[in-house]
Amino acid sequence: MKILIVPAIALVFAWSFTACKSSAPPSFCDTACINEPITFQHPSADSPFVTISLTNCMPDTITWSHRMLDSKRKMGFEELVGKTARLNKDFVKCYFNDTSYAWLRFNDCNTGR
């Protein structure tokens, strides 16, 4: 009888670890359709900014400038990146080095990068 109880207890113990499912952290591939521009602004004196415009859920144009420039710089997103990309706005970050440059970091679900 003891021989049957020990494996039964071990089985219940092992099942208790697999029965509880933890929620996985959100993935950058959970891309919902967004058509609102994604804008980043740096709180410095010249107020540099980067804006990604979206059309039909896909990034279309990237615009960057700062208060001291007379015009905004624009470029096609696909032209700049080299491929089409799907963005999750929660996984896009922008780092500014004053008004010298802005570094845009994002994960793309299409290419896995």
Side-chain angles (χ1 to χ4, degrees):
M1 186 70 167
K2 289 181 183 181
I3 295 175
L4 293 176
I5 292 176
V6 172
I9 290 174
L11 183 64
V12 169
F13 186 69
W15 178 77
S16 68
F17 284 111
T18 60
C20 186
K21 293 185 179 179
S22 63
S23 61
S27 167
F28 61 86
C29 286
D30 297 335
T31 56
C33 181
I34 52 173
N35 286 318
E36 304 164 359
I38 301 171
T39 302
F40 300 97
Q41 292 183 321
H42 190 265
S44 68
D46 293 327
S47 303
F49 70 91
V50 173
T51 302
I52 303 169
S53 302
L54 295 116
T55 304
N56 296 328
C57 308
M58 301 294 283
D60 180 48
T61 306
I62 186 165
T63 307
W64 65 96
S65 188
H66 58 83
R67 189 173 54 87
M68 300 303 288
L69 285 178
D70 293 334
S71 63
K72 296 177 182 175
R73 313 294 174 145
K74 282 187 170 184
M75 189 173 199
F77 193 85
E78 188 174 335
E79 180 183 338
L80 182 64
V81 175
K83 297 181 179 185
T84 59
R86 284 185 107 20
L87 299 180
N88 182 336
K89 67 178 181 170
D90 298 329
F91 289 91
V92 179
K93 305 268 189 259
C94 190
Y95 302 98
F96 292 91
N97 184 13
D98 196 32
T99 57
S100 299
Y101 62 86
W103 187 264
L104 187 67
R105 186 184 82 177
F106 65 93
N107 293 98
D108 173 30
C109 195
N110 291 345
T111 61
R113 300 186 323 197

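Note that the structure is predicted; figures quoted are calculated from it, not measured.
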**Q** Does some side-chain heavy atom of Asn35 sit less than 4.5 Å from a side-chain heavy atom of Thr55?
**A**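 Side chain of Thr55 against side chain of Asn35, heavy atoms only: no contact under 4.5 Å found.
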**Q** Other than Tyr101, what residues sit in its cluster of Ile, Leu, Val, Met, Phe, Trp and Tyr side chains whose heavy atoms are under 4.5 Å apart, directly or through others?
**A**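 For Tyr101, no cluster forms, as it stays isolated from other hydrophobic side chains.
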**Q** Check each of Ile62, Thr61, Thr51 against Lys74 using the side chain to side chain contact (heavy atoms under 4.5 Å, CB included) test, and report the only one that passes.
**A**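 Single pass found, and it is Thr61.
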**Q** For Tyr95 and Leu104, what are the C-alpha separation, side-chain angles and deciding distance, and is it a side-chain contact (heavy atoms from CB on, under 4.5 Å)?
**A** CA-CA 6 Å; Tyr95 302 98; Leu104 187 67; over 6 Å; no
**Q** Which pairs pass ring pair (Phe, Tyr, Trp, His ring centres under 6.0 Å) with one or both residues in residues 67-89, sequence neighbours excluded?
**A**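 Residue pairs with at least one partner in residues 67-89: Phe77-Phe106.
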**Q** Starting from the C-alpha separation in whole Å, work towards a yes-or-no answer on side-chain contact (heavy atoms from CB on, under 4.5 Å) for Leu54 and Asp60.
**A** CA-CA 5 Å; Leu54 295 116; Asp60 180 48; 6.0 Å; no
**Q** Identify the heavy atoms of Cys94 and Ala102 that sit nearest to each other, and give their distance.
**A**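 Scanning both residues completely, I find the closest heavy atoms to be SG-CB, 4.0 Å.
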**Q** Got a sec, which pairs hit salt bridge (charged side-chain N to carboxylate O under 4.0 Å, His left out) with one end in residues 90-107, sequence neighbours left out?
**A**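 Listed by first then second residue: nothing to list.
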**Q** Taking CG in Asn97 as the centre, count heavy atoms belonging to other residues, nucleotides or ligands within less than 6.0 Å. Is the count above 12?
**A**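 Yes, CG of Asn97 has more than 12 neighbouring heavy atoms, counting only those of other groups under 6.0 Å.
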**Q** Once you round to the nearest 0.5 Å, how far does OG of Ser47 lie from CG of Leu69?
**A**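 Those atoms lie 12.0 Å apart.
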**Q** Please name all residues satisfying ring-ring contact (aromatic ring centres under 6.0 Å, His included) with Phe49, sequence neighbours left out, ordered by chain then number.
**A**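 In terms of ring-ring contact (aromatic ring centres under 6.0 Å, His included), with neighbours along the sequence ignored, Phe49 is linked to no residue.
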**Q** Suppose the criterion is salt bridge (charged side-chain N to carboxylate O under 4.0 Å, His left out): which pairs have a residue in residues 33-45, not counting sequence neighbours?
**A**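 Those involving residues 33-45 do not exist here.
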**Q** Do the side chain of Arg73 and the main chain of Thr63 share a donor and acceptor less than 3.5 angstrom apart?
**A**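 Checked: no pair found.
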**Q** Drop me the distance from Ser53's OG to Ile38's CD1, to the nearest 0.5 angstrom.
**A**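 Answer rounded to 0.5 Å: 9.5 Å.
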**Q** Could you tell me whether a side-chain N or O of Asp46 sits under 3.5 Å from a main-chain N or O of His66, the two making a donor and an acceptor?
**A**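 Not confirmed, Asp46 side chain does not pair with His66 backbone.
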**Q** List for me each residue that meets ring-ring contact (aromatic ring centres under 6.0 Å, His included) alongside His42, sequence neighbours excluded, and say none if there are none.
**A**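 ring-ring contact (aromatic ring centres under 6.0 Å, His included) check on His42 returns Phe96.
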